[in-house]
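Notes follow the structure.
Heavy-atom basis, side chains included; hydrogens, waters and symmetry copies ignored. Throughout, a chain's letter reflects where its sequence line sits, starting with A, and its residues are numbered from 1. Not measured: the values here are computed from a predicted model.
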Number of protein chains: 2
Amino acid sequence: MTVQHSGGGPPDRTLALLWRKTQPTPDRARGRKPTLQLDTVVDTAIALADERGIAAASMGNVAKALGVGTMTLYTYVPSKEELLDLMVDQVLLERRLPGPGDDRPADWRAQVELYSDETRAMFSRHPWLARVSTIRPPVGPGMLAAREYLLSTMFALGLPPARANLAALAIATYVDSAAGAEAESELIERTTGQTNDAWWHERGDLWENYFDVDRYPTMTAVWNDGAGGGTSYGGGTREVSTQAYRFGLDHLLDGIAAGA
Amino acid sequence: MTVQHSGGGPPDRTLALLWRKTQPTPDRARGRKPTLQLDTVVDTAIALADERGIAAASMGNVAKALGVGTMTLYTYVPSKEELLDLMVDQVLLERRLPGPGDDRPADWRAQVELYSDETRAMFSRHPWLARVSTIRPPVGPGMLAAREYLLSTMFALGLPPARANLAALAIATYVDSAAGAEAESELIERTTGQTNDAWWHERGDLWENYFDVDRYPTMTAVWNDGAGGGTSYGGGTREVSTQAYRFGLDHLLDGIAAGA
DNA sequence: CGCTATTCTCGTATACCCTACGAGAATTGA
DNA sequence: TCAATTCTCGTAGGGTATACGAGAATAGCG
């Protein structure tokens, strides 16, 4: 399944929810006391998605986990879309990225490395994040903090503002998508109980019945070289994925540094 | 919504469907004649998804568009998952990428450029592709052709097999995800009838009420430089996205070339 | 204390989604 | 002709989100 979001209600309401920690919420005295807290709802949804994938974080499941009726959730959140936005920004905020005054690695490259490490760890904890669209993202503190940090590393490299912006976007695109793929792969292995190697192995027919060496000479060469990662092509083994990630990031940064 | 796939039935059946054009299908004389063809089903589903997003390509909608009962589709396709796989590989195959013997640009860089152009065009025609998970992809002719081609461009650059594999994976990761984001952005503009600029503008409250210049000095600098792309941050205007894409690809290739 | 305004709770109902099952229709070879 | 085979698709069951409205709980006021 796919996940859209950020379409729904008035943006003011969503923004208020996203920034609730920064901005004090007006307290209302009147009326029945709430049983839950927004944070509890969001955290529960995240926990469910972490464990069994984004589909498990349905309104019904979240409510059941909290021991309330499904419709009760709608007191805390205008819609599922909003909940998703909150989940995303909550998780984006988990990354420990130094802010303006904080200590950080001296080298710009190490700074980017920190972004990469934190992002990969975040995706690893929350693999479902990879399946949420980031077009029109929840513009919350989490998203802004990450963008600010990455942008500042490009300033540290000495890029002028316009180039720094482009470079930060390119790096974020690469890191986020690669880290997302990696994490999603692990989630699928966990939830299906089948390793990726086993999955490829199950498709052994392919190589025998359909694969034509003349049509795919280069793949064959890589295969014979043993570089495909054993039993698999197409992303292949965990080691190959990790190596490919490093390779891509290193060379992207090389290229950016060379052009600085 | 999110889209999973490639889990379901026996892999043999799926592979047979995916490779149906290459492999002749056994003809059966007995029994009622089918009203539809598999290709028609797949094409209809693709058309629906192209126009109104992946969610519109439901079994019910596809059947309605074809003027048959919903359950009729299950004669042609074992499940929705399989249909999705077929849609994906069909679309992957649209890219005009030269095969082993075919003419191609002489320069390896131009060859990669061709992959990039064809991929962007493909995503532009089929924006929903961005929301389909590519872990455990449909291992059909479309996927293999693209991998073969990209791999061969890295051979053209002179990389040894193992490095070529890593480089091809890195480039595919970057190009596919950037192109996907771009296309999805256009789809959202089209289906919501709201441009991205308008969307950001609607969030004007943010900058006034929540944005803290001290917390986000670098973003502020970029903003003041006019590099944010007018009204937006976070990916921003179409021009900024396109520039960022070019910037990233060029520098990634620079880095790979430098390390060759 | 009682009343009222306010707020939260959540059962019911609607409208989608996928798909298992099985009855019936169509076709062909025997 | 009729049996075997294959395709068609209505019904039903279990999932999803959420609109609506009735009822419960609370705070403050008279």
Which atoms of nucleotides 5-8 of chain C (N or O only) lie under 3.5 Å from a protein N or O atom, and what are those distances?
unit_1: C:dT7; atom_1: O2; unit_2: A:R32; atom_2: N; d: 3.3
unit_1: C:dC8; atom_1: O2; unit_2: A:R32; atom_2: NH1; d: 3.2

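For B:T134 (side chain) and B:P137 (main-chain N/O), no donor-acceptor pair under 3.5 Å exists by modelled atom type.
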Is there a side chain to side chain contact (heavy atoms under 4.5 Å, CB included) between B:T192 and A:R136? Walk through the geometry before answering.
CA-CA 12 Å; B:T192 63; A:R136 308 194 175 179; 3.5 Å; yes
Given protein heavy atoms under 4.0 Å, the one-letter contact record of nucleotides 12-21 of chain D, with B base, S sugar-phosphate only and - none, is simply ----SSBBB-
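For B:R190, there are no salt bridge (Lys or Arg N to Asp or Glu O under 4.0 Å) partners at least two apart in sequence or on another chain. Here B:E189 pairs with B:R238 under the salt bridge (Lys or Arg N to Asp or Glu O under 4.0 Å) rule; sequence neighbours left out. With sequence neighbours excluded, the residues satisfying side chain to side chain contact (heavy atoms under 4.5 Å, CB included) with A:T40 are A:Q37, A:T44, A:L66.
Put simply, CG on B:L73 is 14 Å from P on C:dA20, counting in whole angstrom units.
Within the structure, the side-chain hydrogen bond (donor to acceptor under 3.5 Å, both in side chains) test picks out the following pairs touching residues 46-58 of chain B (sequence neighbours left out): B:D50-B:H126, B:D50-B:W128.
A salt bridge links B:R131 with B:E184: the distance from a Lys NZ or Arg NE/NH1/NH2 to an Asp or Glu carboxylate oxygen falls below 4.0 Å.
Ring geometry, A:Y245 versus A:Y174: the interplanar angle falls under 30°, so the pair is classed parallel (tilted spans 30 to 60°).
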